Amino acid sequence: MRLKFSTVAIGALCALAAVPALADNPIVKGWYADPEIRVFDGQYWIYPTYSDDYKTPDRSKHFSDAQKQLRENKMVRPSYGIQTFFNAFSSPDLVHWTKHEHVLDVENVSWAAYAVWAPSAIEKDGQYYLFFGANDIQKDGETGGIGVAVSDDPGGPFKDAIGKPLISAFHNGAQPIDPFVFRDDDGQVYLYYGGWQHCNVVRLSDDLRSVETFPDGSTFKEITPPGYVEGSFVIKRKGVYYLMWSEGGWTGPDYSVAYAMGPSPTGPFKPMGKILTQDFEIARGAGHHSVVNIPGTDDWYIAYHRRPLDETKGEHRQLAIDRMNFNADGTIRPVKMTNEGVKPRPLPQ
Ligand code: FUB
């Protein structure tokens, strides 16, 4: 009874004092992972992996014969079989989120059948492109890899842009998963990607539908930093490129985020250590993040997934947002995970 009274009293006091609501971590209900945060059309958008386990209704009527065949081949984890779509979330202020269901679904990607993972979104000429991994291929010759889908709305529906995977084979040992698209100041778009402890970067063509060679004639440049496992991400700040990535196993407690700094999109990158690790009082398995800069400011936020302290299932991951701060020398301060989340941050108009 005392607790109930306190909660009501605190709520009333906050309302009287006009204290803004905090985001609360996790920021949305449900099991999601690998959030990519972007700003499109004056709103924040988050595109995550759907990360539930075995409770999704049977969707077999949606699968073509080819997709059914692919699903019979093998799934490393049974839960990958229900990862057949992405939901997205939009927000005006990082606090209030609206769910957009099935922004991409394998109904619109004929070669994708399961393990649809880790989307990365970018806008070009009024169209929105969603890069994603599908089918968790284990060796060359299997159908799957990194695809690209397109929509005229950030809320989808996204449809396969090229009718086949953009990257469908292993190069430099990198499993074709976990894409991240980065536009440099000169307009060139790079695709960073790779699982199985190898990270590659490629140049994308102007229409974002194919890969091009670098001036030195190479196509798949390996830039794997020490400790790298998967989930690469890049930001540029004050002329410095920050390559970020996840380390450890994604199903375990010590999943984490590390980074390196370099002078160009392809490096060389100097490893600078970890910035996000488990917190025994907040959550475990924190990783596969993304970062957003508030336009016109030097304020940065990190979106990431983490596992509640009382959960052990690999798939049970939740989305969180916290502040990411820099030191005067440009290095990144360790991120403090919170349960409270961040204050409302409307975008500058
Ligand atoms: O969500 C599926 C996989 O888990 C991602 O591709 C990995 O990076 C890990 O976060």
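Counting starts at 1 for both ligands and their atoms, in listed order. When a residue number appears, it is its place in the shown sequence, counting from 1. Bear in mind that the values here come from a model prediction, so they are computed numbers and not experimental data.
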Looking at ligand 1, does R317 have a heavy atom less than 4.0 Å from it?
->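 For ligand 1, residue contact (heavy atoms, under 4.0 Å) with R317 is present.
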
Applying the side chain to side chain contact (heavy atoms under 4.5 Å, CB included) test to L243, which of F269, Y259, Y228 qualifies?
-> F269

Nearest to atom 9 (C) of ligand 1, what protein heavy atom do you find, and at what distance?
->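 The closest one turns out to be E230 OE2, 3.4 Å.
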
Top protein contact for atom 6 (O) of ligand 1, by heavy-atom distance |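 Atom 6 (O) of ligand 1 sits closest to the protein heavy atom D178 OD1, 2.5 Å.
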
Any side-chain heavy-atom pair from K274 and T277 closer than 4.5 angstrom?
-> yes

Any N or O of D34 closer than 3.5 Å to N or O of ligand 1 |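 Yes - when backbone and side-chain N and O of D34 are compared with those of ligand 1, one distance drops under 3.5 Å.
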
Within-cut-off N or O pair, Y255 and ligand 1, under 3.5 Å | yes

Examine the side chains of D322 and Y304 and answer whether a donor and an acceptor come within less than 3.5 Å of each other.
->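 Yes, side-chain donor-acceptor contact under 3.5 Å.
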
Answer yes or no: are there more than 12 heavy-atom neighbours, outside K159 itself, under 6.0 Å from its atom NZ?
->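 It does not: K159 NZ has 12 such atoms or fewer within range.
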
Assess the pair Y255 and H305: is the distance between their ring centroids shorter than 6.0 Å?
->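 Yes, they do, as the ring centres are separated by less than 6.0 Å.
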
Report, in ascending order of atom number, the atoms of ligand 1 lying under 4.0 Å from any heavy atom of H305.
->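 Listed by number with element: 10 (O).
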
